[in-house]
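To keep things clear, I will list the structure first and then write my remarks on it.
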Protein chains: 2
Amino acid sequence: MRDHRGSVANVSTRLPRVTLADQVRDFIVLEIAQGRMAPGTPLRELEIAEQLGTSQTPVREAFRELSALGLIESRIHVGTRVRDLAEQDLVDAVPVRAALEGVAGRLAAPRLIGNAGDVRDAFLAMQDVARTDDRLAYASASTQFHRAIIRAAHNESLLRAWNALGIEVMTIMAMASNPIPLEDAAESHRVVLEALEAGDPDLAEDVLRNHVSGYLPGTVHLDGDPA
Amino acid sequence: MRDHRGSVANVSTRLPRVTLADQVRDFIVLEIAQGRMAPGTPLRELEIAEQLGTSQTPVREAFRELSALGLIESRIHVGTRVRDLAEQDLVDAVPVRAALEGVAGRLAAPRLIGNAGDVRDAFLAMQDVARTDDRLAYASASTQFHRAIIRAAHNESLLRAWNALGIEVMTIMAMASNPIPLEDAAESHRVVLEALEAGDPDLAEDVLRNHVSGYLPGTVHLDGDPA
DNA sequence: GCGTCAAGCATTATCGATAATATGTAAATA
DNA sequence: TATTTACATATTATCGATAATGCTTGACGC
């Protein structure tokens, strides 16, 4: 989520040499992304520190970063809680996502002609998950799919901006209130995949913009998730 | 920096009830934005802590946040420096910025009909600075102008994504290598301002996309800055 | 000459303890 | 009763010190 240099490059060479703060951050992200820490949940520094066997410092650092990323929010001398996204936040994110993923489609399409690689894998995974009817897992899979497209664009700025939106949390929240069958939702991504593998930048941009624009909460759309 | 609470300075306004980490963060942002900390400048925790009269902890927290915001970058156990962008990064950012600022123009235009407010103020400030031939100050003013447009869109997600690009640093770097006269650069923003005040979303989006697309480094364009 | 390895150093990463403070509760006051 | 004040409490904010680690340099064997 916060790579030091190009995260697109060699992940294999970089050993898991991470700070405790990094681990704490990843732990919290996972808890939120998997719905165990619901929006509004208070996060107490010493409690989490004890739970993870660290001191308060790494937890505070993780909080700082997550706060900057908009995943949690703090009030000085009072406390920190999982950010409770209002519907307005979900609405606001849509045009921004549409624009970013449109750019991603444009840049990625020429690289994915005939074989969308990770994007195709993510699509298949999403279909598998859809059959299990696990909405939380589906939200995660959908996020993975869209992230794979962003990654395929090979543009660090794009990835950075997209990450800043905090799609994971939005996806979770929207999934909770959307009753669309998961298999239909997953299937609606096929057209995106096909547009990318067609390799036409204009087509890919258009399809992605439209697809993401359908994520407006409150409206009935094929994809149950906003991610 | 320790004993200042008793001061009866500003009773009317909200007291500066912020953490030291916040103050350290703001200090660093200002140093970067005004070019006193150039890209690549190493930031040593204890040095800054001593300079500001705090301990290491608040400085580390500020680093974490700024790192998440993309302004600085850290390598574990080695050090932190002002984000040093390669030319590829500047190139990559252009289509992303163009898309984001296009959305901003679309959203902001209806709100700025006839009077662009802060955006106009920023434009005038940019013109003033351009006459002084202070390229660093101009870079700052240009960033302000574009940020004002993003703000005018009143979309938190948009602001978040735009901030993540680290425009401040890009602007400073591009200004260093761009020989275009500042007054011409400033003037090139007039069409953007006018499009916004015209209140036409389509026009504003189009003008902004084109304007920002001209920020490709290495090419000769009217605006000396990439921000 | 070249590669390997072992201190030493500079700097960060983490800890445990202490200070500071926002908030809720209840007494004091009118 | 309504309002203010004082205080206790829970939690964060900050500190100073120590541990851990990546980098550099130079010795050493080949």
Side-chain angles (χ1 to χ4, degrees), chain A residues 1-5 9-28 37 40-68 71-84, chain B residues 1-11 13-28 37 40-68 71-84:
Chain A
M1 192 157 191
R2 181 195 69 101
D3 316 59
H4 305 293
R5 203 57 261 298
N10 42 13
V11 183
S12 55
T13 58
R14 178 154 271 148
L15 291 172
R17 194 55 58 78
V18 293
T19 66
L20 283 181
D22 287 335
Q23 294 175 260
V24 173
R25 177 203 61 206
D26 291 344
F27 168 80
I28 296 173
M37 285 181 179
T41 303
L43 305 175
R44 255 165 290 130
E45 295 178 354
L46 287 173
E47 180 181 297
I48 292 180
E50 187 181 14
Q51 182 180 351
L52 299 180
T54 77
S55 71
Q56 184 189 5
T57 309
V59 178
R60 276 185 65 81
E61 287 183 28
F63 279 13
R64 266 275 162 182
E65 184 174 349
L66 293 172
S67 189
L71 235 54
I72 65 180
E73 53 194 354
S74 296
R75 285 179 56 198
I76 181 171
H77 281 299
V78 174
T80 300
R81 55 179 51 216
V82 179
R83 184 161 168 229
D84 195 359
Chain B
M1 206 136 181
R2 191 96 277 283
D3 42 16
H4 54 67
R5 198 34 37 84
S7 162
V8 201
N10 42 7
V11 183
T13 62
R14 179 182 252 105
L15 287 172
R17 197 50 61 82
V18 293
T19 66
L20 285 181
D22 288 335
Q23 295 176 257
V24 173
R25 178 203 57 205
D26 292 344
F27 168 79
I28 296 173
M37 285 181 179
T41 303
L43 306 175
R44 255 166 292 132
E45 296 178 354
L46 287 172
E47 180 181 297
I48 292 180
E50 187 180 15
Q51 182 180 351
L52 300 180
T54 77
S55 72
Q56 185 188 4
T57 309
V59 178
R60 275 184 67 80
E61 287 184 28
F63 279 14
R64 265 277 162 180
E65 184 172 351
L66 292 173
S67 186
L71 231 55
I72 65 180
E73 51 196 354
S74 295
R75 286 179 56 199
I76 181 172
H77 281 300
V78 174
T80 299
R81 51 181 54 212
V82 179
R83 190 169 160 212
D84 195 1

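Lettering of chains follows the sequences in order, A, B, ..., and the numbering in each one begins at 1.
Within the structure, every side-chain polar atom (N or O) of B:R60 is placed at least 4.0 Å from both OP1 and OP2 of C:dT12. For C:dT14, the OP1/OP2 oxygens have no side-chain nitrogen or oxygen of A:T57 closer than 4.0 Å. Contact annotation: A:R44 side-chain N/O to D:dT12 OP1/OP2 distance is not under 4.0 Å.
Rounded to whole Å, the distance from NE2 on B:H77 to P on D:dT24 is 16 Å. Rounded to a whole Å, the CD atom of A:E45 is 15 Å from the C1' atom of C:dT14. Between the CG atom of B:L46 and the P atom of D:dT18 there is a distance of 14 Å, given to the nearest Å. Rounded to an integer number of Å, the gap from CD of B:E61 to P of D:dT12 is 12 Å. Regarding A:R25, its CZ atom lies at a distance of 13 Å from the P atom of C:dA13, rounded to whole Å. Look at CD1 on B:I48: it is 9 Å from P on C:dT12, rounded to the nearest Å. At whole-Å resolution of the value, CD1 in A:I76 and C1' in D:dA10 are 16 Å apart.
Considering OG1 of B:T57 and CD of B:E45, their distance stands at 9.0 Å, rounded to 0.5 Å. Atom-to-atom distance recorded for B:I28:CD1 and B:T41:OG1 is 11.5 Å, nearest 0.5 angstrom. In this structure, CD in B:E61 is found 12.0 Å from CG in B:L66, a value given to the nearest 0.5 Å.
Within a 6.0 Å radius of CD in B:E50, no more than 12 heavy atoms belonging to other residues, nucleotides or ligands are found.
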I would like to know whether B:Q23 and B:L20 meet side chain to side chain contact (heavy atoms under 4.5 Å, CB included); could you show each step before the answer? CA-CA 5 Å; B:Q23 295 176 257; B:L20 285 181; 3.7 Å; yes

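In summary, B:E73 and B:R83 do not engage in a salt bridge, as defined by a charged side-chain N under 4.0 Å from a carboxylate O.
Counting non-hydrogen atoms under 4.0 angstrom, A:T54 reaches the backbone sugars and phosphates but no base.
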Starting at the 5' end of DNA chain D, write a dot or bracket for each base, bracketing those in Watson-Crick or G-U wobble pairs whose two distances are under 3.5 Å and using | for partners on another strand. ||||||||||||||||||||||||||||||

Report, one pair per line, the protein and nucleotides 23-25 of chain C atoms (nitrogen or oxygen only) whose separation is under 3.5 Å.
{"unit_1": "C:dT23", "atom_1": "OP1", "unit_2": "A:R75", "atom_2": "NH2", "d": "2.2"}

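Closest approach to the A:Q56 side chain among D:dC15, D:dT12, C:dA13 is made by D:dT12 (side chain taken as heavy atoms from C-beta onward).
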